[in-house]
Amino acid sequence: MMDDDVLDAYSRVVSGVAEMLIPRVASLRITGRRGDSSGSAVVLTGDGHLLTNAHVVGDGTTATAEFADGTTAQARVAGVDRLSDLAVLRADRAIPDPPEYGDADRLKVGNLVVAVGNPLGLAGSVTAGVVSALGRSLPVRSGSASRIIEDVIQTDAALNPGNSGGALADGNGRVIGINTAVAGIGLGLAVPMNPTTRRIIYSLLHDGRVRRAYLGLATTPAPLRPQLAERFDQRRALRVVEVIPDSPAADAGLRAGDLVLAVDGTPLRDAQSLQRQLFSDAIGRRTEITAIRNDALVDVIAVPTELSD
């Protein structure tokens with residue numbers, strides 16, 4: 001049995017995180033063309049921005065945000081990025097100060113996490129658990145475009161409909177993820193807060209959208225054989241599963257089965273490492289792609305176009 005002191009310490013951590021975050025997580029009701037929907041949102045900035053999921057916003061443009069202290073604000077959708085399942089709203093009046101945001105890249109399996117949201121319309125609900133796994137993938141689509149959200153956090157903290165858009169925090173009360181999906185009984189997923197998502201959020205705040213470069217590759221992480229790993233000082237690469245016809249990747253000569261090692265000299269070890277290279281500054285720029293084909297090194301030049309829905 002757990003020692004009472006351990007249980008007391010656990011309770012103090014969870015209640016401390018709850019005390020910090022409940023005032024900063026709003027119950028969100030979105031008005032859209034297909035009717036109203038609900039979810040949660042976390043205060044993002046001190047000047048009235050809120051962060052939630054793109055799928056919570058749906059096709060809506062306005063929302064009502066209600067906080068635990070009774071504060072109610074009308075909010076407009078300021079930016080949506082369906083390929084990261086993130087959205088930013090701007091409230092029409094003063095709202096609580098934002099929480100501290102952390103870095104999910106520092107998480108370890110087994111770390112304590114606390115989820116705060118409004119599941120099933122029950123405002124200010126708190127559940128706790130651990131990081132069950134890291135590096136999960138969540139496929140998302142927007143029109144004809146598809147993307148994999150990499151490094152998704154898996155947790156056993158109970159999540160239910162309405163938790164989406166709420167906060168997943170570490171034991172210090174730092175928001176390290178935005179709850180995005182209930183994948184099954186006892187299984188929840190959250191979009192991580194890390195350098196890539198911070199760049200996406202910055203674009204949503206300043207431009208209302210995220211411009212991305214398009215290569216036309218479908219890839220999956222793959223280990224390199226020991227001889228290749230030693231030769232290139234790299235254990236993993238991205239195996240090309242599909243090359244879209246008439247895409248920049250096809251024009252460059254990449255083929256299904258190629259193992260992509262690097263883009264512009266930056267090693268690729270997972271899908272997110274490629275996606276980090278494909279923001280707006282890569283559009284129209286000559287991009288060197290290093291790959292292995294039949295154990296031989298192949299360098300090609302691709303010119304990414306702008307990704308459109």
Side-chain angles (χ1 to χ4, degrees), residues 2 6 10 13-14 17-18 21 25 39-40 42 51-56 81-86 101-117 119 125-141 146-201 218-224 229 234-239 241 267-276:
M2 276 194 179
V6 174
Y10 176 85
V13 169
V14 175
V17 173
L21 287 184
V25 177
S40 304
V42 187
L51 182 63
T52 186
N53 289 141
H55 79 262
V56 169
D81 182 47
R82 304 196 188 283
L83 294 182
S84 64
D85 198 21
L86 292 174
Y101 283 80
D103 185 357
D105 289 349
R106 298 181 180 180
L107 287 177
K108 295 180 180 179
V109 172
N111 282 166
L112 169 68
V113 287
V114 180
V116 180
S125 293
V126 176
T127 57
V130 298
V131 175
S132 304
L134 294 166
R136 296 303 194 211
S137 299
L138 180 67
V140 290
R141 291 191 64 85
S146 63
R147 183 176 183 268
I148 300 294
I149 303 175
E150 286 291 331
D151 295 332
V152 169
I153 304 163
Q154 178 186 324
T155 175
D156 66 352
L159 300 177
N160 291 289
N163 268 117
S164 287
L168 188 71
D170 64 16
N172 293 308
R174 295 176 297 227
V175 177
I176 43 80
I178 300 298
N179 299 318
T180 188
V182 181
I185 297 174
L187 177 60
L189 301 175
V191 177
M193 294 301 303
N194 58 28
T196 300
T197 49
R198 280 184 166 82
R199 185 169 181 178
I200 289 167
I201 292 167
T219 64
T220 186
L224 293 179
Q234 187 172 326
R235 294 184 179 181
R236 298 179 69 80
L238 293 182
R239 184 178 300 281
V241 177
L268 303 182
R269 296 178 176 87
D270 52 41
Q272 191 180 55
S273 61
L274 174 58
Q275 291 163 1
R276 287 192 198 104

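Summarising the geometry of Gly129 relative to Tyr10, their closest heavy-atom pair is N-OH, 4.3 Å, with the distance given to 0.1 Å. The two residues Val25 and Ser40 have their closest heavy-atom pair at CG1-CB, 4.3 Å. Between Leu224 and Ala229, the closest heavy-atom pair is CB-N, 4.0 Å. Summarising the geometry of Val17 relative to Ala169, their closest heavy-atom pair is CG1-CB, 4.0 Å, with the distance given to 0.1 Å. Between Val42 and Gly166, the shortest heavy-atom contact is CG2-C, 3.7 Å. For the pair Ala18 and Val126, the tightest heavy-atom approach, listed with the atom from each and the gap, is CB-CG2, 3.8 Å.
Contacts of Ala190 classified as side chain to side chain contact (heavy atoms under 4.5 Å, CB included), with partners at least two apart in sequence or in another chain: Ile153, Leu168, Asn179. Considering only residues two or more places apart in sequence or on other chains, Arg174 meets the salt bridge (Lys or Arg N to Asp or Glu O under 4.0 Å) condition with Asp170.
Atom OG1 in Thr180 sits 7.5 Å away from atom CG in Leu86 (nearest 0.5 Å). Distance check, rounded to the nearest 0.5 Å: CG of Asn163 to CD1 of Ile178 gives 11.5 Å. Note that CG of Asn53 and CG of Asp81 are 11.5 Å apart. Values are rounded to the nearest 0.5 Å. Summarising the geometry, atom CG belonging to Leu238 is positioned 6.0 Å from atom CG belonging to Leu274; distances are rounded to the nearest 0.5 Å.
For the pair Leu21/Val175, a side-chain contact is recorded, criterion being any heavy-atom separation below 4.5 Å from C-beta on. With a 4.5 Å cut-off on side-chain heavy atoms, Val116 and Ser125 do not count as touching.
By the 6.0 Å contact criterion, CZ on Arg235 is open, its count of non-hydrogen atoms from other residues, nucleotides or ligands being 12 or less.
A side-chain donor-acceptor contact under 3.5 Å links Thr155 to the backbone of Val130. A donor-acceptor pair is defined here as one N or O able to donate and one able to accept, closer than 3.5 Å; such a pair exists between the side chain of Ser132 and the backbone of Asp156.
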Please tabulate, for side-chain N and O atoms in residues 102-114, each donor-acceptor pair with protein atoms closer than 3.5 Å (sequence neighbours left out).
residue : atom : partner : partner atom : Å
Asp103  : OD1  : Asp105  : N            : 3.0
Asn111  : OD1  : Lys108  : N            : 2.8

### Message
Applying side chain to side chain contact (heavy atoms under 4.5 Å, CB included) to Thr197 and Asn194, what does each step give before you reach the verdict?
### Response
CA-CA 5 Å; Thr197 49; Asn194 58 28; 3.2 Å; yes
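A donor and an acceptor atom, one from each side chain of Thr220 and Arg239, are nowhere located under 3.5 Å apart.
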